[in-house]
Visitor: 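Quick one: this structure, given as C-alpha cells, is what I'll be asking you about.
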Amino acid sequence: MNTILNNLREKLNNIFAKFDIDESVQISISKITDFDIQINNLVKYKNHKSIEEIKNHLLKELDKSEYFSSVEFSDKLFINLKFNLINLAKNIDNSKKDFAVNKREKLILDYGGPNIGKPLHVGHLRSLNIGRSLYNMNKFIGNEVKSDIHLGDWGMPIAQIITYIEKNNLDIQTLKVSDLESIYPLSSKEYLNDEKFQEKAKEINKKLNTDDDETISKWKIIKDVSLVEIKKNLSELGHSFDYWFGESDVNSLIPDMLENLIEEDKVEYDESALVSKENIEPKVLITKSDGSYLYITTDLATIIYREKHIPFDKIFYIVDSRQSLHFRQLFSSAKYFEFNNLNFEHVGFGTLNDENGNPFKTREGGTKPLIELFSETYKYIYKINQNLEDKTIKQLTNTVLTYSDLLTNRKTNYKFDLKKFTNISGKTGIYIQYAQVRAKNLFQIANNNNSLELSDEIGNIESELLSKIFLFGYYLERSIEMSEPHHLADYLYELSNLFNIFYEDEKILNIEDEKIKNSKLYITKLFLETCHNVMFCLGVEPVNEM
RNA sequence: GCGCCUGUAGCUUAACUGGAUAGAGCAUCUGACUUCGGAUCAGAGGGUUGGGGGUUCGAAUCCCUCCAGGCGUGCCA
C-alpha cells in the first residue's frame with residue numbers, strides 16, 4: 001500500500017508542479033461511503049485559471065492506475081477514488097515487502113527507564129507499550145532499530161539507599177529485592193527530612209562518582225539484585241531490550257565532556273554551578289554548584305556515548321510529557337554544544353492520573369507495581385475461562401494491558417483506570433483476539449489452504465472488509481510518521497469488527513459453490529495475515545485459543 | 001509571575017493537522033435461524049466540540065478574549 005500511495009503521490013505531485021501548485025498531494029480516507037480514499041488539495045484551487053486542464057491531467061493519470069476502479073470529482077473538487085480490489089489482491093498481501101523503506105534508517109528508541117531499587121510501576125506502562133510499538137513498526141518496514149532501556153542506576157537515589165543500609169547496619173550480602181523495595185521510599189524520606197542523612201548521602205554520591213571501591217561494590221550488589229527482578233517482570237510483560245545501558249555507563253565520559261565545554265567557552269560558572277552560555281530562557285543548568293551531575297549532564301553524555309557505540313540517524317525518547325522542558329533543553333544544548341548528530345524526538349505522553357484525574361497514588365501512597373496489575377488482570381481472565389492454557393491467559397493479559405493503553409492518543413492525559421484495563425467488552429484486546437481466533441479456526445476446519453482465489457463477484461461486506469484490509473499501509477504510515485500507535489490500534493478494531501460482520505453474514509463452510517467459498521476463505525486468509533501484522537506492530541501476540 | 005498543555009454525547013474518546021452530514025466504544029433500551037466458537041451480530045436514543053468574538057469558499061482544528069483544569073519552571077530524575 002505504501003508503494004501504491006507513494007506512487008500515487010509522486011505522479012500527482014508532478015502534475016501539481018507543472019501548474020505551479022506548490023504543495024504535495026494529501027491522501028485521506030474517503031468520507032463518502034462508495035469510495036475508499038480522497039484527495040482534498042484541489043478544493044482551494046476551484047478558481048485556478050487552469051483548473052479544467054489540471055483536472056484533465058489528474059483524471060488521465062488516475063485512469064491509468066490499475067489500483068482504482070473509479071474516479072470522481074465532486075462539485076467542490078474533492079477527488080474520490082475507489083479501489084480495484086481484484087487488482088489489489090493480485091499484488092498486495094500486506095506483508096513486509098509491501099511497505100519496505102527505500103533507505104533504512106538507524107534508530108535508537110530510549111524507553112522504559114526503570115530505576116534500580118524500585119519495582120516497575122504502572123507509570124512505566126505507557127513508555128513500554130509505546131516504545132515497543134514504535135520499535136516493532138519500524139522493524140516491520142525495515143529500519144534498523146535498537147532499543148535502550150536507559151536504566152536509572154546512578155546518582156542520588158542509589159547514594160540514598162547505600163546510606164540507609166550503612167546507617168542501619170543492614171547486611172548487604174543477603175539483600176533481597178523485597179528489602180530493597182522497602183528501603184527505597186524510607187531512604188528518600190529520610191533524605192528529605194534529616195540533614196545529617198542528607199550530608200552522608202551526598203558524601204556517598206561523591207564516592208560513587210570518584211569510583212571508590214567499597215561504594216562501587218555495594219552499588220553493584222544493589223544493581224544486580226534489582227536488575228534480576230526488573231528483567232523477570234519485563235519478560236513476563238513481553239518486553240525485551242537490545243541494550244541495558246544505564247546512567248552509570250556514561251558517567252566516566254562526563255569529566256571530559258565538561259572540560260571540553262569549558263575549553264570551548266560554551267559554559268560558564270554561576271554561583272559555582274556550570275551553566276550553558278546558550279542564549280535561551282530559562283538558562284540550562286549543566287552541573288550543581290557542588291560539581292555533581294544532573295539529569296541533563298548524564299543525558300548529554302549518553303548522546304556522546306551512543307554516537308560512539310551505537311551509531312544512529314535519530315533517537316526517540318519515549319518519556320512522560322512533563323519532561324518536555326528537559327528534552328527541549330537537551331536537544332537545544334546538544335545543538336549549541338555542536339554534538340554531531342542532532343536528530344532527536346521526544347515522544348511524550350500524558351501525565352499519569354487516577355480515575356478522578358488526580359496524581360496517581362495507591363492507598364499506601366506509592367504507585368501500583370506493574371506486576372500487580374498484571375496478576376489482577378490475569379485472575380480476571382482466568383475466572384471467565386478456566387480451561388485456557390496458562391500461556392494463553394498470559395498472552396490475553398498482555399494484550400489487554402497493551403491494547404487498551406495504545407488505543408488512546410498518547411498526548412492526552414493519562415487516566416489510569418483499572419476498569420479500562422480489565423474491560424473485556426467493546427473496543428478491547430479481547431475483541432481483536434477473538435476475531436482472529438475465529439478466522440484461525442475456520443481455516444483449521446476448512447483444511448484447504450491451496451488454490452484460494454478471489455472471485456470476480458464480491459459482495460458488499462466482502463468489499464468493505466477488503467478495502468479496510470488494503471488500508472493497512474495508510475494507518476501504518478500515519479502511526480510511524482507521528483509516533484502514534486493509536487491509529488493502528490483503532491484500525492485493528494475496525495478490521496476485526498468488519499471481519500466479525502463478514503463471519504456472521506453467511507456460514508462460509510456451508511457454501512456449496514466452491515468458487516465463492518474459496519473466495520471467502522481467501523479473504524479470511526488475507527484478514528488473518530493483515531491482522532497478525534498489525535498485532536505485531538502493536539506488540540501483541542495472537543493467541544491460538546480462547 | 002512566566003512558559004507549555006488540555007476542555008468533544010452521562011463516561012472513555014476519534015477526527016487524515018483547515019475539508020463534505022463530528023466517527024466510535026462503554027453504559028441504557030430493543031432485537032437475532034441455540035452458532036464454521038454468542039467473548040458475536042443488528043437497531044434506537046444521546047452533540048451549541050467550555051463561552052463569546054474573529055480569519056475564509058469551509059473551523060473541533062488557526063487568531064483574540066474570557067471560564068475551568070493540569071503540568072513545568074537554576075541545584076530530584
Side-chain angles (χ1 to χ4, degrees), chain A residues 26-32 37-38 40-44 46-47 74-78 80 113 115 152 154-157 160 188 191-192 247 270-275 281-296 298-299 319-326 328 348 350-351 353 355 357-359 381 384-385 396 404 407-409 411-413 415 417 419-420 423-428 430-431 433-435 437-446 474-475 477-478 481-482 486-487 490 493-494 497 500-511 520-521 524 545-546:
Chain A
Q26 286 203 339
I27 297 168
S28 51
I29 304 295
S30 180
K31 287 199 174 156
I32 306 295
I37 58 177
Q38 65 181 42
N40 303 335
N41 300 63
L42 234 49
V43 179
K44 56 172 101 66
K46 216 172 164 182
N47 297 321
S74 78
D75 297 348
K76 290 183 176 173
L77 290 186
F78 289 100
N80 292 301
N115 291 327
W154 201 251
M156 257 350 270
Q160 286 167 22
S188 57
Y191 180 82
L192 285 174
E247 292 166 344
D270 184 7
E271 294 169 33
S272 64
L274 267 188
V275 176
E281 276 306 321
K283 287 282 181 195
V284 183
L285 192 68
I286 305 293
T287 68
K288 297 193 209 175
S289 49
D290 68 355
S292 58
Y293 310 146
L294 288 158
Y295 190 16
I296 197 163
T298 37
D299 267 6
V319 182
D320 188 333
S321 292
R322 276 179 302 185
Q323 296 181 26
S324 61
L325 177 62
H326 165 73
R328 226 183 308 143
T351 312
N353 292 323
E355 299 168 55
N358 300 317
I381 293 170
I384 291 164
N385 190 340
L396 287 176
S404 42
L407 199 54
T408 309
N409 186 329
K411 286 175 192 154
T412 57
N413 263 356
K415 276 195 193 113
D417 186 347
K419 268 184 240 146
K420 183 176 162 185
N423 191 12
I424 57 160
S425 59
K427 238 184 218 188
T428 63
I430 298 296
Y431 184 93
Q433 288 282 18
Y434 185 64
V437 166
R438 277 178 143 185
K440 257 185 209 166
N441 270 325
L442 206 51
F443 264 97
Q444 251 167 27
I445 300 166
Y474 174 82
Y475 291 99
E477 192 179 273
R478 260 183 89 64
E481 229 163 65
M482 308 172 79
H486 79 270
H487 301 286
D490 200 63
Y493 174 80
E494 287 179 8
N497 181 231
N500 274 331
I501 297 169
F502 162 80
Y503 181 94
E504 301 256 333
D505 181 58
E506 190 180 8
K507 281 180 194 162
I508 294 168
L509 298 181
N510 291 351
I511 296 173
K520 289 210 178 200
L521 282 172
T524 305
E545 50 154 8
M546 272 183 77

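The sequence lines fix the lettering, A, B, ..., with proteins before strands; numbering per chain opens at 1. Only this structure's heavy atoms are used, side chains among them; waters, hydrogens and symmetry mates stay out.
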Visitor: For His486(A), does its backbone N or O pair with a side-chain atom of Asn409(A) as donor and acceptor, under 3.5 Å?
Guide: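 Side chain of Asn409(A) to backbone of His486(A): no pair is present.
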Visitor: Between protein and nucleotides 23-33 of chain B, what N or O pairs are separated by less than 3.5 Å?
Guide:
{"unit_1": "A24(B)", "atom_1": "O2'", "unit_2": "Lys427(A)", "atom_2": "NZ", "d": "3.0"}
{"unit_1": "G25(B)", "atom_1": "O2'", "unit_2": "Lys427(A)", "atom_2": "N", "d": "3.1"}

Visitor: Whole angstroms only, please: what is the CG-C1' distance between Asp320(A) and G70(B)?
Guide: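 Rounded to the whole Å, the gap is 12 Å.
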Visitor: Taking for each residue the nucleotide of RNA chain B bearing the nearest heavy atom, is the 5' side occupied by Asn385(A) or by Thr408(A)?
Guide: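 This one resolves to Thr408(A).
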Visitor: Mind checking ring pair (Phe, Tyr, Trp, His ring centres under 6.0 Å) for Tyr493(A) and listing every partner two or more places apart, or none if nothing turns up?
Guide: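 Applying ring pair (Phe, Tyr, Trp, His ring centres under 6.0 Å) to Tyr493(A) gives Tyr431(A).
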Visitor: Looking at residues at least two apart in the chain, or sitting in another chain, which of them share a salt bridge (Lys or Arg N to Asp or Glu O under 4.0 Å) with Lys283(A)?
Guide: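 Expected list: none.
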Visitor: If the sugar-phosphate is the primed atoms plus P, OP1 and OP2 and the base is the rest, what is the B/S/- string for nucleotides 72-77 of chain B, using protein heavy atoms under 4.0 Å?
Guide: S-BBSB
Visitor: Give the C-alpha distance, both sets of side-chain angles, the deciding distance and a yes or no for side chain to side chain contact (heavy atoms under 4.5 Å, CB included) between Leu325(A) and Arg328(A).
Guide: CA-CA 5 Å; Leu325(A) 177 62; Arg328(A) 226 183 308 143; 4.1 Å; yes
Visitor: Between G47(B) and G10(B), how far apart are the two P atoms, rounded to whole Å?
Guide: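 That atom pair is separated by 7 Å.
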Visitor: Please report the C-alpha distance between Asp505(A) and Lys520(A) in whole Å, then the side-chain angles of each, then the deciding distance to 0.1 Å, and finally whether the side chain to side chain contact (heavy atoms under 4.5 Å, CB included) criterion is met.
Guide: CA-CA 11 Å; Asp505(A) 181 58; Lys520(A) 289 210 178 200; 4.0 Å; yes
Visitor: Indicate yes or no: at least one non-hydrogen side-chain atom of Asn40(A) is less than 4.5 angstrom from one of Gln26(A).
Guide: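 No, side chains not in contact.
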Visitor: Hey, are the side chains of Asn441(A) and Gln444(A) touching, using non-hydrogen atoms and a 4.5 Å cut-off?
Guide: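 Side chain of Asn441(A) against side chain of Gln444(A), heavy atoms only: contact under 4.5 Å found.
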Visitor: Rounded to the Å, how far apart are Asn413(A) CG and U6(B) P?
Guide: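 Asn413(A) atom CG is separated from U6(B) atom P by 10 Å.
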Visitor: Provide the distance between the two P atoms, one in G51(B) and one in U56(B), to the nearest whole Å.
Guide: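 Straight-line distance between the two P atoms is 23 Å.
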Visitor: For nucleotides A60(B) and U48(B), find the distance between their C1' atoms and express it as a whole number of Å.
Guide: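 My reading of the C1' atoms in A60(B) and U48(B) gives 12 Å.
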Visitor: Could I get the full list of ring pair (Phe, Tyr, Trp, His ring centres under 6.0 Å) partners for Tyr475(A), not counting sequence neighbours?
Guide: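 Checked Tyr475(A) against ring pair (Phe, Tyr, Trp, His ring centres under 6.0 Å); matches are Tyr491(A).
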Visitor: For atom P, what is the distance between G46(B) and A24(B), given to the nearest Å?
Guide: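 Rounded to whole Å, the distance is 14 Å.
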Visitor: Separation of Asn441(A) atom CG from U40(B) atom P, in whole Å?
Guide: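 The distance from CG of Asn441(A) to P of U40(B) comes to 16 Å, rounded to the nearest Å.
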Visitor: Taking only the P atom of each, what is the distance from U61(B) to G18(B) in whole angstrom?
Guide: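 After rounding to an integer number of Å, I get 11 Å for this pair.
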Visitor: Less than 4.5 Å apart, side chain to side chain, heavy atoms only: is that true for Ile296(A) and Leu285(A)?
Guide: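 No, side chains not in contact.
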Visitor: Under a 3.5 Å cut-off on both pairing distances, which runs of 3 or more consecutive Watson-Crick or G-U pairs involve RNA chain B?
Guide: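 As far as RNA chain B goes, consecutive pairing (with distances under 3.5 Å) yields the stems B:1-7 with B:67-73, B:10-13 with B:23-26, B:28-32 with B:40-44, B:50-54 with B:62-66.
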Visitor: Using the C1' atoms only, state how far G25(B) lies from U8(B), rounded to an integer number of Å.
Guide: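 My reading of the C1' atoms in U8(B) and G25(B) gives 15 Å.
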Visitor: Using heavy-atom distances to pick each residue's nearest nucleotide on RNA chain B, tell me which of Ile384(A) and Ile508(A) is more 5'.
Guide: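 Whichever sits nearer the 5' end wins; that is Ile508(A).
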Visitor: Can you name the nearest heavy-atom pair linking Asn385(A) to Met546(A), along with the distance?
Guide: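 In terms of heavy atoms, the two residues are closest at ND2-C, 3.5 Å.
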Visitor: Let me know the distance between CD1 of Ile29(A) and P of A15(B), rounded to the nearest Å.
Guide: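 Ile29(A) atom CD1 is separated from A15(B) atom P by 12 Å.
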Visitor: Counting heavy atoms from C-beta on, name the nucleotide in C4(B), C41(B), A14(B) closest to the side chain of Asn409(A).
Guide: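 Side chain of Asn409(A) sits closest to A14(B).
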Visitor: List in chain and number order the residues that pass salt bridge (Lys or Arg N to Asp or Glu O under 4.0 Å) with Arg322(A), two or more places apart in sequence or in another chain; answer none if no residue qualifies.
Guide: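 Residues passing salt bridge (Lys or Arg N to Asp or Glu O under 4.0 Å) with Arg322(A): Asp320(A).
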Visitor: Who passes salt bridge (Lys or Arg N to Asp or Glu O under 4.0 Å) against Asp490(A), sequence neighbours left out?
Guide: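 Expected list: Lys427(A).
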Visitor: Please give, in whole Å, the distance from A14(B) C1' to Lys411(A) NZ?
Guide: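 Lys411(A) atom NZ is separated from A14(B) atom C1' by 13 Å.
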Visitor: Could you go over nucleotides 55-61 of chain B and give all protein N or O partners under 3.5 Å, atom names and distances?
Guide:
none

Visitor: Among A42(B), A39(B), A15(B), which is the nearest nucleotide to the side chain of Ile501(A)?
Guide: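 Closest nucleotide among those given: A42(B).
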Visitor: Does Gln160(A) have any side-chain hydrogen bond (donor to acceptor under 3.5 Å, both in side chains) partners at least two apart in sequence or in another chain, and if so, which?
Guide: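 Result, side-chain hydrogen bond (donor to acceptor under 3.5 Å, both in side chains) vs Gln160(A): none returned.
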Visitor: Write down the distance separating the P atoms in A15(B) and C33(B), rounded off to the nearest Å.
Guide: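 Straight-line distance between the two P atoms is 38 Å.
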Visitor: Please state how far atom CG in Leu42(A) lies from atom P in G18(B), giving the value in whole angstrom units.
Guide: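 Going from Leu42(A) (CG) to G18(B) (P), I get 18 Å.
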Visitor: Checking Tyr295(A) now: which residues fulfil ring pair (Phe, Tyr, Trp, His ring centres under 6.0 Å) with it, not counting sequence neighbours?
Guide: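 Applying ring pair (Phe, Tyr, Trp, His ring centres under 6.0 Å) to Tyr295(A) gives His326(A).
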Visitor: Which residues pass the salt bridge (Lys or Arg N to Asp or Glu O under 4.0 Å) test with Glu504(A), not counting sequence neighbours?
Guide: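 Listed in chain order: Arg438(A).
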Visitor: What interatomic distance, in whole Å, is found between C1' of U13(B) and the corresponding atom of A32(B)?
Guide: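 Straight-line distance between the two C1' atoms is 29 Å.
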Visitor: Rounded to whole Å, please give me the gap between CD in Glu506(A) and P in U40(B).
Guide: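 Atom-to-atom, Glu506(A) to U40(B), this comes out as 22 Å.
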Visitor: Whole-Å distance between A22(B) C1' and Ile32(A) CD1?
Guide: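 Answer to the nearest Å: 15 Å.
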